[in-house]
> 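My structure is below; once you've seen it, I'll send some questions.
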Amino acid sequence: MNMLANLAVGFLESSSIAKGIEAADAMCKMASVKLAKTSILARGKYMILITGPVGEVESSLRAGKEVLDKALVDEVLIRNVHQQVIDALDKRHAVDVVGALGIVETKEAIAAVKAADAAAKAASVHVLEVKIVVGGGKGYFTVCGEVGDVRSAIAAAVSALKPDQIVSHVVIAQSDPQLLAAVGI
């Protein structure tokens, strides 16, 4: 397993762009974290991604949640995040062969990151992509590999989420090679 020891990632999703920017500022001032990414999502939501040592990220998230208050849509904290999740965040990770393909689609953007981390830690799969900027405010991720590994990874991802966070999840046992170019576009 390729995890980043003592590196945590924290995400906050806000229903307000203005409050999201204010929360990002408070988060950076509260603790020694890196503001890795902010993004305006569909439906006027705002996403904040921070990285750093576990304790610092936890403190920073508390400060952001306090600022957001009722504007908080979702939060995710991942301790010892899997490297593949970071590598595939909002970009496509290249593979030569897809094999079995697994997809989890989430109602909110950042829930996909939590599910992808659980999948990567549960089985020997390749994380193809983790998309948090998807139309309608959704998120999704894709993994590929041997069919048993993909099934285990998707099961772990689904278990990591609350049932109401999941839109759909599928495993395609023998995906057509044409999907290699089309998945995630």
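Both backbone and side-chain heavy atoms feed into the values below; hydrogens, waters and symmetry mates do not.
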> Using every non-hydrogen atom in the two residues, find where A112 and G139 come nearest and quote the distance to one decimal.
CB-C, 3.7 Å
> How many angstroms lie between atom CZ of F11 and atom CG of D74, to the nearest 0.5 angstrom?
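Reported to 0.5 Å precision, the distance equals 10.5 Å.
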> Do the side chains of Q165 and E108 get nearer than 4.5 Å, heavy atoms only?
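Result no, sub-4.5 Å side-chain heavy-atom pair not found.
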> With a 4.5 Å cut-off on side-chain heavy atoms, are K19 and Y46 touching?
no
> Which atom names give the shortest non-hydrogen contact between A118 and A160, and what distance separates them?
CB-CB, 3.6 Å
> Distance check, rounded to the nearest 0.5 Å: M27 atom CE versus L68 atom CG?
8.0 Å
> Which heavy-atom pair separates D117 from H82 by the least distance, and what is that distance?
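Closest approach of D117 to H82, heavy atoms only: OD1-N, 2.8 Å.
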> What's the separation between atom OG in S14 and atom CG in D69, rounded to the nearest 0.5 Å?
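Between atom OG of S14 and atom CG of D69 there are 10.5 Å.
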> Hey, any chance I17 and V73 share a hydrophobic cluster, counting ILVMFWY side chains that come within less than 4.5 Å of each other, even indirectly?
no
> How long is the span from the SG atom in C28 to the CD1 atom in I50, to the nearest 0.5 Å?
7.5 Å
> Would you say the side chain of S168 lies within less than 4.5 Å of the side chain of V170, judging by non-hydrogen atoms?
yes
> Taking C-beta and beyond as the side chain, do I132 and F141 meet within less than 4.5 Å on heavy atoms?
no
> For E105 versus Y140, what's the shortest heavy-atom pair and its separation?
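Closest approach of E105 to Y140: CA-CB, 3.9 Å.
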> Quick one: does L49's side chain get under 4.5 Å of M47's, heavy atoms only?
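When only atoms from C-beta onward are counted, M47 and L49 do touch, with a gap below 4.5 Å.
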> Decide whether I154 and I166 are clustered together by the hydrophobic rule: side chain heavy atoms of Ile, Leu, Val, Met, Phe, Trp, Tyr closer than 4.5 Å, transitively.
yes
> Measure across A24 and I48 and return the closest heavy-atom pair with its distance rounded to 0.1 Å.
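Taking A24 first and I48 second, the nearest heavy atoms are N-CD1, 3.8 Å.
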> Same cluster or not: V125 versus V147, using hydrophobic residues (I, L, V, M, F, W, Y) connected whenever any side-chain heavy atoms lie under 4.5 Å apart?
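In one cluster with V125: V147, no.
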> Would a single hydrophobic cluster contain both V104 and V9, if residues Ile, Leu, Val, Met, Phe, Trp and Tyr are joined by side-chain heavy-atom contacts under 4.5 Å?
yes
> Can you name the closest pair of heavy atoms from A120 and V85 and give their distance?
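That closest heavy-atom pairing would be CB-CG2, 4.3 Å.
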> Under a 4.5 Å cut-off applied to non-hydrogen side-chain atoms, are E58 and R79 in contact?
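Yes. Closest side-chain heavy atoms under 4.5 Å.
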> How about V143 and D149: do any of their side-chain heavy atoms sit closer than 4.5 Å?
no
> side-chain contact (heavy atoms from CB on, under 4.5 Å) between V67 and D25: does it pass, once the steps are laid out?
CA-CA 10 Å; V67 168; D25 178 66; over 6 Å; no
> If we only count heavy atoms from C-beta on, is the I110 to K114 side-chain gap below 4.5 Å?
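Of all side-chain heavy-atom pairs linking K114 with I110, none is under 4.5 Å.
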> To the nearest 0.5 Å, how far apart are NZ in K45 and CD in E13?
4.0 Å
> Flag yes if V81 and L161 sit in one hydrophobic cluster, no otherwise; membership is Ile, Leu, Val, Met, Phe, Trp, Tyr, and two members link when side-chain heavy atoms are under 4.5 Å apart.
yes
> How far does OG of S60 sit from CE of M30, to the nearest 0.5 angstrom?
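Answer rounded to 0.5 Å: 8.0 Å.
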